[in-house]
2 protein chains.
Amino acid sequence: MEKGAATRAQIVAAADRLFYEHGFEHTSFATIAGALQISRGNFYHHFKTKDDILSAVIEERLAATRRMLQQWDAEAPEPAGRIRQFIRIVLTNGQDIQNYGCPVGTLTAELAKLGHPCHRDATALFTLFRAWLREQFVELGHQTDADALAMHVLAFSQGVATLSHAFRDDEFVHREVNRLEAWLDACAAGPAFSQTADQ
Amino acid sequence: MEKGAATRAQIVAAADRLFYEHGFEHTSFATIAGALQISRGNFYHHFKTKDDILSAVIEERLAATRRMLQQWDAEAPEPAGRIRQFIRIVLTNGQDIQNYGCPVGTLTAELAKLGHPCHRDATALFTLFRAWLREQFVELGHQTDADALAMHVLAFSQGVATLSHAFRDDEFVHREVNRLEAWLDACAAGPAFSQTADQ
DNA sequence: AGTACGCTAGGACAGTTGTCCTAGGCCAGA
DNA sequence: TCTGGCCTAGGACAACTGTCCTAGCGTACT
């Protein structure tokens, strides 16, 4: 049982990475099996279908995201600092994003195109960030437009990730991060000012 | 020859749409053939490989994009008005973007994950918009930071498209369009002001 | 009227996919 | 030492993929 759970976790970890790097559909059982040097038929004991692996991967990503957000809550005492950590993800994970794009955005887009039932679960990853960002903006004093501001930050990260992936331009990413951090400073200065700060 | 060119164009048009709606890899010869009610073996006469179809689709998209940009040049006399038309794409093609995302962004991302040789050609679609936007900003008087501003507008469109696709939120799209149009107005007011306008 | 050729339909082909079965290896408990 | 059950390897299976071949249709030109 101990060993079984370990290989199961290995399968999920390998699938997670391969789905990210090469896409869900393009990643076959054979690819995962080859990466782990495990028999192809062995999968059936741990996962009945490929979709089951995808579900497990998404669940793991949800859990990992929750852990990360909790850590941010613990590390940064103020909401502005927390939002800043999110903004800087495109720098922190810069290499991966340049090579493979945003793991959330690309997976959601792919599953939507496939008409895959797990699409909803993948969108929940977005919702996790959205709700967390909204909370931070509420704490910042933006009760009324907290969700709109959260969506704006989310859109920033998606836009930057997509173009960073397409053009592999480090300077661009830094420029946009600086821009949004300045915008965030204006936001933090007060709700009244923020209405015009971003225009 | 006349008829041959017509069916060839039909194949490209159907493939273009299907690649957009369901992705390149997920779209098979059988799918395209079924959509056109054409024999599967018939493809070989027009395209040697599936990649050839993809190349033709990208070429067609490049040509269509060039036509659209030329039309914008003709329609709007001032650069600010032209940039505005680009910004409003996310409204003009709002329904498609909500359902399938940005045709450029999603194709580029997919081909990158597949390690497909046509990835460079797909990126050229981005470059087309980038260069055109840059020209407009130069005409607006932003010689030094024209490319940075072009990339900013491009990032906006990708971010909005991705989230519009994920959440299907019309209000969000309108909000972000208004926000960037206000930013554009500040940009058009003069290069000196634009440095702080977006902060 | 005859012929050459662009165009099409249908199917063959090998390779790969996800799914599933079965036989055997391993290790804990009796 | 024997036994039961978790775990694994290897392969079978039908369905599907992209690729390719061949026979026949239709239509323009001689």
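Throughout, protein chains are lettered first and strands after them, A, B, ... in sequence-line order, and every chain is numbered starting at 1. Worth knowing before you read on, the calculation uses all heavy atoms, side chains too, and leaves out hydrogens, waters and symmetry mates. Just so it is clear, the model here is predicted, and its values are computed rather than measured.
Remark: C1' of C:dA12 and CZ of B:Phe43 are 18 Å apart, rounded to the nearest angstrom. To the nearest angstrom, P of D:dC7 lies 7 Å from NE2 of A:His46. Across the protein-nucleic acid pair, B:His45 atom NE2 and C:dC7 atom C1' stand 5 Å apart, rounded to whole Å. Rounded to an integer number of Å, the gap from A:Leu36 CG to D:dC7 C1' is 15 Å. Taking atom NE2 of residue B:His26 and atom C1' of nucleotide C:dT17, one finds them 13 Å apart after rounding to whole Å. Across the protein-nucleic acid pair, A:Gln37 atom CD and D:dG10 atom P stand 12 Å apart, rounded to whole Å. Spacing between atom NZ of B:Lys48 and atom P of D:dC21 amounts to 9 Å, rounded to whole angstrom units. Atom CD1 of B:Ile38 and atom P of D:dC25 are 19 Å apart (whole Å).
Note on A:Thr31: nothing from the nucleic acid sits closer than 4.0 angstrom, heavy atoms only.
Contact check, B:Tyr44 against D:dT19: no side-chain N or O comes under 4.0 Å of OP1 or OP2. Contact between the side-chain N/O atoms of A:Thr7 and the OP1/OP2 oxygens of D:dT8 is found at a separation under 4.0 Å.
For B:Arg40, the side-chain atoms get nearest to D:dT19 when compared with the rest of C:dA9, C:dT19, D:dT19. When distances are taken from the side chain of B:Lys50 to each of D:dG18, D:dT17, C:dG18, the shortest belongs to D:dG18. Of all nucleotides listed (C:dG18, C:dT19, C:dG10), C:dG10 comes nearest to the side chain of B:Ser39. For B:Asn42, the side-chain atoms get nearest to C:dA9 when compared with the rest of C:dA9, C:dT17, D:dT8. Distance from the side chain of A:Phe29 is smallest for C:dG18 among the nucleotides C:dT8, D:dA9, C:dG18.
Each of A:Asp51, A:Val57, A:Ile53 was scored for a side-chain contact (heavy atoms from CB on, under 4.5 Å) with A:Phe24, with one residue passing: A:Asp51.
No hydrogens or angles considered: nothing links the side chains of A:Gln98 and A:His165 as a donor-acceptor pair under 3.5 Å.
Separation of the A:Phe129 and A:Phe86 ring centroids falls under the 6.0 Å cut-off.
Salt bridge annotation for A:Arg82-A:Glu75: absent, with no cationic side-chain nitrogen under 4.0 angstrom from a carboxylate oxygen.
Within the cation-pi definition used here (under 6.0 Å to the ring centroid, within 45° of the axis), B:Lys48 qualifies as a partner of B:Tyr44.
Residue B:Gly41 is the one, among B:Gly41 and A:Glu25, whose nearest nucleotide of DNA chain C lies closer to the 5' end (criterion: closest heavy atom).
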